[in-house]
Amino acid sequence: MPLLDVAVREGVGENTTALLKAILQAGNTGILLTDLDHRSLACNAKFGQFFDVDTAAAVSSGVEELRSKVFPLLNDQAAWVDQLDRIYADPEGVYEDDLVLNHVPELTLHRYTAPVRDSQENLIGRLWTFTDVTQERRRQRMSDVLHFVSTLYDPDPKVVYRRILKEVSDYYSGATALLSILENDFLVFRGIEGAPSNGREIARQMRGNMLGNSYCQFILKSSDPLIVQDATKSELYCSLPPSSLGLNRYLGVPVHDPSGGMVGTLCILDEKTSELLDGEDIRFMTLLSMRVSTELAREAHLAERLAEHVSAISQTRGVLSAMNAAFGLLATLDDTDELVRSQVAALQGVLGFSGCCVLLCEGDSLVGYTAKAGEEPVKTVLPRACAKEDSEDLKRLLSAKSLVIKRVMDGEREIALIAFGSEEAIDLADDRLSLHLEALFDQIDLLARVHLLHRDLTLANTELVQSEKLGVVGALAAATAHDIRNIMSALDIELASTRDASE
């Protein structure tokens, strides 16, 4: 049974050759007809164009001669021979595959082959067709890369955008793929992929490139993608360092941040100036740059979060250090004034405040120390009326525009005031800040209470000891006076007896 039903009007048989020639000349498909011994019976001009052979020579050459002409063009020669062996081993078979030819630029042909029969259904040969599918396969490869890139994920954004660069380099047959981020007038190489060749290894070892020495400068000036097909043919590009390294073909697209601002470029560089780049390549690279931009934004977000965590740890360490230093003061300082001064010194710079103070309530005054960031604590005496968050005196002393204060209470009695000042508004809705402030306030509150209790106990103990000493002295004096009276009485008696005896 024939593979295809073809209708032919009666009477055209004598014109078979003319009909065959007309069919062969039509369209953009390369056609080859071979007999059962694999000899070429007919081919068209498109076949000759694809395989760089003269059509007349193709149908007059032997099988091995024609193969020898085609063989150098094949990208995968071993696979081609293996496929031919399978086809010839199955004369009834229908096969389809792709051939990649080493044309410049590279050419991809879709090959179709099926048996040919005569009117009695006898096998008489084989038909081969070759269709240029270079663009279709190119778009499919682009689509495959874009799909793969869209599924990439790694906790580290660097892994993702460097893998994207690897995909770009592989797609462009080992071209150097670069992700460059602009820092002032310097392009920092955030990632680079591509086999070392013609200076690429030098590029790998570089941290980056001055903007004025790069093709990328023109993208960052215009905000548009750029194709340099051959830098040697342009006075604008031929003097740039990449061109001197042989990297004369360039394609670059801008990379944007989430707000739409340009932050750098994604580009390829190589020496393949004969392989044309076009709008499809720009579209492909632009879509990849959007994916890269996503990872750069994620990287910046993670860096910001890490900085916040580091800051939080640093702040917590500072708070704990201040608290430990303060509690250590209890064991070494008995003097209240020195204790307050040392406490204020320990609080300097904690949580980034511009100043701090610890003031004790003494009658109608607040007496203690204030300190601005980076300065020594200063002895301070203020009216009790300054114990409030809108106190201009406190703000001036602490170089602050806003204050947060804590009153230390002993029942109904206010015994101390603690205050921190900031040059910015203090956000007490910040849980971490509130937690740190609460810890500091509690520590100073406890320190003040313990010290004042210790001072009161020491004073009470001193008074008790003094009272006991006076009591002992009084008792000793009384006992001494009693003893003296006894002695004097005995002496009086003795003297009286002596006088009586003498008389």
Of all residues at least two apart in sequence or in a different chain, which pass the salt bridge (Lys or Arg N to Asp or Glu O under 4.0 Å) check with R407?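 R407 satisfies salt bridge (Lys or Arg N to Asp or Glu O under 4.0 Å) with E414 once adjacent residues are dropped.
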D170: which residues meet the salt bridge (Lys or Arg N to Asp or Glu O under 4.0 Å) condition with it, sequence neighbours left out?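 Result, salt bridge (Lys or Arg N to Asp or Glu O under 4.0 Å) vs D170: K166.
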Point-to-point distance, once rounded to the nearest 0.5 Å, from [atom1] of [X] to [atom2] of [Y]:
X    : Y    : atom1 : atom2 : value
I227 : C267 : CD1   : SG    : 13.0 Å
L251 : I219 : CG    : CD1   : 7.5 Å
E376 : Q348 : CD    : CD    : 6.5 Å
F218 : L236 : CZ    : CG    : 4.0 Å
S40  : D35  : OG    : CG    : 8.5 Å
T134 : R141 : OG1   : CZ    : 11.5 Å

Side chain of [X], backbone of [Y]: donor and acceptor closer than 3.5 Å?
X    : Y    : value
S180 : L187 : no
S434 : L428 : yes
N44  : T29  : yes
S143 : R139 : no
Q217 : G212 : yes

Under 3.5 Å, side-chain donor or acceptor atoms of residues 57-66 against the rest of the protein: list the pairs with distances, not counting sequence neighbours.
from: S60; atom 1: OG; to: A56; atom 2: O; distance (Å): 3.0
from: S60; atom 1: OG; to: A57; atom 2: O; distance (Å): 3.2
from: S61; atom 1: OG; to: A57; atom 2: O; distance (Å): 2.4

Decide side-chain contact (heavy atoms from CB on, under 4.5 Å) for V133 and L109; before the verdict, give the C-alpha distance in whole Å, the side-chain angles of both, and the deciding distance to 0.1 Å. CA-CA 6 Å; V133 293; L109 300 178; 5.9 Å; no
Using distance alone, with no hydrogens and no angle criterion, decide if T34 and R126 have a side-chain donor and acceptor under 3.5 Å apart. no
With the side chain counted from C-beta on, respond yes when [X] and [Y] share a heavy-atom pair under 4.5 Å apart, and no when they do not.
X    : Y    : result
D76  : V100 : no
K401 : K395 : no
Y112 : T131 : no
V188 : N209 : no
R67  : W80  : yes
N28  : K46  : yes
M210 : N213 : yes
V168 : E193 : no

side-chain contact (heavy atoms from CB on, under 4.5 Å) between V94 and T113, worked out: CA-CA 6 Å; V94 178; T113 182; over 6 Å; no
Tell me whether the count of non-hydrogen atoms from other residues, nucleotides or ligands lying under 6.0 Å of CG in N184 goes above 12.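 Check fails, neighbour count at 12 or below.
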Answer yes or no: are there more than 12 heavy-atom neighbours, outside M290 itself, under 6.0 Å from its atom CE? no
Side-chain donor-acceptor pairs under 3.5 Å in residues 275-286, sequence neighbours left out?
from: D278; atom 1: OD1; to: R138; atom 2: NH1; distance (Å): 3.4
from: D278; atom 1: OD1; to: R138; atom 2: NH2; distance (Å): 2.5
from: D278; atom 1: OD1; to: E280; atom 2: N; distance (Å): 3.0
from: D278; atom 1: OD1; to: D281; atom 2: N; distance (Å): 3.4
from: D278; atom 1: OD2; to: R138; atom 2: NH1; distance (Å): 2.9
from: D278; atom 1: OD2; to: R138; atom 2: NH2; distance (Å): 3.4
from: D281; atom 1: OD1; to: R138; atom 2: NH2; distance (Å): 3.3
from: D281; atom 1: OD1; to: Y172; atom 2: OH; distance (Å): 2.7
from: D281; atom 1: OD2; to: R138; atom 2: NH2; distance (Å): 2.4
from: D281; atom 1: OD2; to: D278; atom 2: N; distance (Å): 2.9
from: T286; atom 1: OG1; to: I282; atom 2: O; distance (Å): 2.7

Residues in side-chain hydrogen bond (donor to acceptor under 3.5 Å, both in side chains) with [X], at least two apart?
X    : value
S259 : D257
Y161 : E299
E295 : R291, R298

Please determine if R207 and E183 form a salt bridge, counting it only when a charged side-chain N lies under 4.0 Å from a carboxylate O.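 Salt bridge flag = yes for E183 with R207.
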K69/D52 salt bridge by N-O under 4.0 Å criterion: no
Check [X] against [Y] and note the closest heavy-atom contact, atom names and distance.
X    : Y    : answer
D224 : P254 : C-CD, 4.3 Å
C356 : V344 : SG-O, 3.8 Å
A425 : S402 : CA-OG, 3.7 Å
G421 : L398 : N-CD1, 4.0 Å
L296 : R190 : CD2-NH1, 3.7 Å
S289 : V255 : CB-CG2, 4.2 Å

Restricting to pairs with a member in residues 232-256, which pass side-chain hydrogen bond (donor to acceptor under 3.5 Å, both in side chains), not counting sequence neighbours? D230-T232, S243-N248, R249-D270
ring-ring contact (aromatic ring centres under 6.0 Å, His included) against F186, all qualifying residues, sequence neighbours excluded: none
Restricting to ring-ring contact (aromatic ring centres under 6.0 Å, His included), what partner residues turn up for Y88, sequence neighbours left out?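 Applying ring-ring contact (aromatic ring centres under 6.0 Å, His included) to Y88 gives H38.
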side-chain contact (heavy atoms from CB on, under 4.5 Å) between V116 and L123, intermediate numbers included: CA-CA 6 Å; V116 178; L123 191 66; over 6 Å; no
Quick one, R137 with Q140, criterion side-chain hydrogen bond (donor to acceptor under 3.5 Å, both in side chains). Give me CA distance, side-chain angles, the key distance, then yes/no. CA-CA 5 Å; R137 296 297 182 266; Q140 184 59 51; over 6 Å; no
Under 3.5 Å, sequence neighbours excluded: what are the donor-acceptor pairs made by side chains of residues 101-108?
from: N102; atom 1: OD1; to: N75; atom 2: ND2; distance (Å): 3.3
from: N102; atom 1: ND2; to: L74; atom 2: O; distance (Å): 3.1
from: H103; atom 1: NE2; to: F50; atom 2: O; distance (Å): 2.6

Quick one: do L178 and F189 satisfy side-chain contact (heavy atoms from CB on, under 4.5 Å)? Show the steps, please. CA-CA 7 Å; L178 275 170; F189 295 161; 3.9 Å; yes
Tell me, which pairs form a ring pair (Phe, Tyr, Trp, His ring centres under 6.0 Å) where one or both residues lie in residues 128-147, sequence neighbours left out?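 Passing the test, one end in residues 128-147: F47-F130, F51-F130.
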